[in-house]
*Asks:* 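Okay, here's the structure, questions in a sec.
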Amino acid sequence: MEDGLHEELPLTLTPMLSCDQFAAIGGNVSVPLGYKMKSTDALKWRFKDVTIFHKKHENVFVNKSDVNANGSLKLTNLKKDQAGVYIPEVYDKDGKSQTTKSTNVCVLDPVKKPTINVICRDPDVIFTCSHDQQPDGARYKWFQNETLMINKTKISLKRKKTENKNLLFSCKVENDISSEKSDPLTNICFDPVKKPEINATCKDSEVIFTCFAAQQPDDAQYKWFLNGNEISNETKISLIRTTAESKNLTFSCEVYNEASSENSDSLTHACKSPTFLGLPEELFGISIWGFIVSGAGFLLLLIIIVVGCCLRCKKNRREDDDEELQYRPASESSPSYCSA
């Protein structure tokens, strides 16, 4: 039967160009026999014209590789040089060749977890799904907010910068044995902010400070500072303060986004608080309120004096009236009065 085995071997082998089975470097795989073994069958496995396994009944003649109980070839801890066509041969107890299946095993490097690189090229953003030394034949997929982008299968993805605000992009690299997905990344291409200046507008008893610069990017954000210290919770483009409380204080603002930040020069406003009856705030270097208080005090003193004088006059008149009343009865009781 041994001679029969050799006689039945094909003279030439044509390697299969396509891969029948994929395996990862360092991985394990079972190569199917394509035939249901009987206990009386003889089995050979050949690889690159070398017999790597030969068993006849219970006798093992070559055991360079292991086989499973069903006759399939067991390959473990695969290496690149183990890629190729594996050919099984089975003969029954009469030495007759049985139909089996040859398998072309392709051994591939697994893909590596990619990272996304971003290139800002106005007006576009170019995302590249990159990693050093991805294996040949790696395929790419792109996702926007975790949704697969149809027909986006190149290593790079170009998008308009203005269309990508707050969107998350990720990519997947895959081959026939593995796949890896990048961490999501948002658009990091932003126009830098411009240096602002502060405009102060006087309105009634308030001052409106505006952190202004022409054509700031849409994503610009704001901070306000008082005497160099940040003012909490003031993040709008304008800041409102009363004229009196902000007098002689120094204000500045900062404009920033993810690309840059710029600070304004400091400003102390020149707005004047509204005064009583339109009078000037100061007169001869003295606050107008000093004159008003002094005048009010003088007026109050004058009123007190006038009231005092009136009360005194009233008292004197009352005394004169009393004397007159006392005089009249005395005159009426005199003899001359009676005789009259």
Side-chain angles (χ1 to χ4, degrees), residues 115-127 143-147 159-170 182-283 285-290 292-293:
T115 57
I116 297 180
N117 291 337
V118 180
I119 298 175
C120 305
R121 188 173 294 165
D122 219 14
D124 299 317
V125 184
I126 300 174
F127 301 92
F143 298 81
Q144 178 178 298
N145 291 342
E146 298 302 322
T147 299
R159 307 289 285 177
K160 292 296 182 184
K161 182 169 61 176
T162 55
E163 297 174 355
N164 298 310
K165 187 176 181 180
N166 300 324
L167 297 180
L168 290 174
F169 292 89
S170 56
S182 72
D183 295 326
L185 181 70
T186 189
N187 172 24
I188 59 173
C189 297
F190 299 96
D191 292 324
V193 298
K194 301 174 179 62
K195 181 178 175 66
E197 61 180 23
I198 298 181
N199 293 338
T201 303
C202 308
K203 185 177 180 181
D204 299 330
S205 60
E206 293 179 333
V207 186
I208 302 173
F209 300 94
T210 302
C211 193
F212 176 78
Q215 297 180 338
Q216 289 286 22
D218 293 338
D219 61 329
Q221 300 181 67
Y222 299 88
K223 292 181 182 178
W224 284 94
F225 298 85
L226 172 61
N227 292 339
N229 299 315
E230 184 177 351
I231 305 174
S232 300
N233 301 320
E234 293 292 350
T235 58
K236 295 182 179 180
I237 192 171
S238 294
L239 175 71
I240 300 176
R241 287 291 186 268
T242 65
T243 306
E245 73 176 358
S246 58
K247 184 179 180 180
N248 299 325
L249 298 180
T250 300
F251 293 85
S252 61
C253 67
E254 177 184 344
V255 184
Y256 66 97
N257 63 5
E258 294 192 44
S260 64
S261 66
E262 292 285 351
N263 289 84
S264 71
D265 296 329
S266 298
L267 175 72
T268 300
H269 74 82
C271 298
K272 297 183 181 298
S273 301
T275 55
F276 182 69
L277 298 178
L279 296 174
E281 189 174 353
E282 293 184 352
L283 188 62
I286 302 174
S287 172
I288 193 63
W289 288 104
I292 293 173
V293 171

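Counting from 1, the numbers follow the sequence of the chain as shown.
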*Asks:* Between R159 and D124, does any NZ, NE, NH1 or NH2 come within less than 4.0 Å of an OD or OE carboxylate oxygen?
*Replies:*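 Between R159 and D124 there is no salt bridge, as every charged N stays at least 4.0 Å from the carboxylate O atoms.
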*Asks:* Got C189 and V118 here, is their nearest side-chain heavy-atom distance under 4.5 Å?
*Replies:*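 Side chain of C189 against side chain of V118, heavy atoms only: contact under 4.5 Å found.
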*Asks:* Between D191 and Q215, is any pair of side-chain heavy atoms under 4.5 Å apart?
*Replies:*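 Not in contact.
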*Asks:* I'd like to know if the side chain of Q216 reaches the main chain of K194, judged simply by a donor and an acceptor atom lying under 3.5 Å from each other, with no hydrogens or angles considered.
*Replies:* yes
*Asks:* Evaluate the side-chain proximity of T235 to Y222: yes if any heavy-atom separation is below 4.5 Å, no if none is.
*Replies:* no
*Asks:* Could you measure the distance from the CG atom of D183 to the CG atom of L168? Nearest 0.5 Å is fine.
*Replies:* 11.0 Å
*Asks:* Below 4.5 Å, heavy atoms only, C-beta onward: do E254 and S261 meet side chain to side chain?
*Replies:*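 They are in side-chain contact.
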*Asks:* Name all residues meeting the side-chain hydrogen bond (donor to acceptor under 3.5 Å, both in side chains) criterion together with T268; count only those two or more places apart in sequence or in a different chain, and write none if there are none.
*Replies:* T250
*Asks:* Show the nearest heavy-atom pair for residues R121 and I126, with the distance to one decimal.
*Replies:* NH1-CD1, 3.6 Å
*Asks:* Would you indicate whether the side-chain heavy atoms of S246 and F251 approach each other to under 4.5 Å?
*Replies:* yes
*Asks:* Atom CD of E262 and atom CD of E197: how far apart are they, to the nearest 0.5 Å?
*Replies:*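 One finds 13.0 Å between CD of E262 and CD of E197.
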*Asks:* Look at atom NZ of K195 and say whether more than 12 heavy atoms of other residues, nucleotides or ligands are closer to it than 6.0 Å.
*Replies:* yes
*Asks:* Rounded at 0.5 Å granularity, tell me how far CD1 in I231 sits from OG in S252.
*Replies:*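 I231 atom CD1 to S252 atom OG measures 8.0 Å (nearest 0.5 Å).
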*Asks:* To the nearest 0.5 Å, how far apart are CG in L267 and SG in C211?
*Replies:*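 SG of C211 is found 11.0 Å from CG of L267.
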*Asks:* Quick one, F225 and N263 - any side-chain contact, counting heavy atoms below 4.5 Å?
*Replies:* yes
*Asks:* Give, for atom CD1 of I119 and atom CZ of F127, the distance between the pair rounded to the nearest 0.5 Å.
*Replies:*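 The CD1 atom of I119 sits 11.0 Å away from the CZ atom of F127.
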*Asks:* Between H269 and T243, does the side-chain contact (heavy atoms from CB on, under 4.5 Å) criterion hold? Intermediate values first, please.
*Replies:* CA-CA 9 Å; H269 74 82; T243 306; 3.9 Å; yes
*Asks:* Return the NZ to CD distance between K223 and E234, rounded to the nearest 0.5 Å.
*Replies:* 14.0 Å
*Asks:* Is the closest side-chain heavy-atom distance between S238 and T210 below 4.5 Å?
*Replies:* yes
*Asks:* Main chain of V193, side chain of S260: is a donor-acceptor contact present, judged purely on distance under 3.5 Å?
*Replies:*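 Yes, S260 side chain to V193 backbone: donor-acceptor pair under 3.5 Å.
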*Asks:* When you compare the side chain of C253 with that of W224, does any pair of heavy atoms fall below 4.5 Å?
*Replies:*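 Side chain of W224 against side chain of C253, heavy atoms only: contact under 4.5 Å found.
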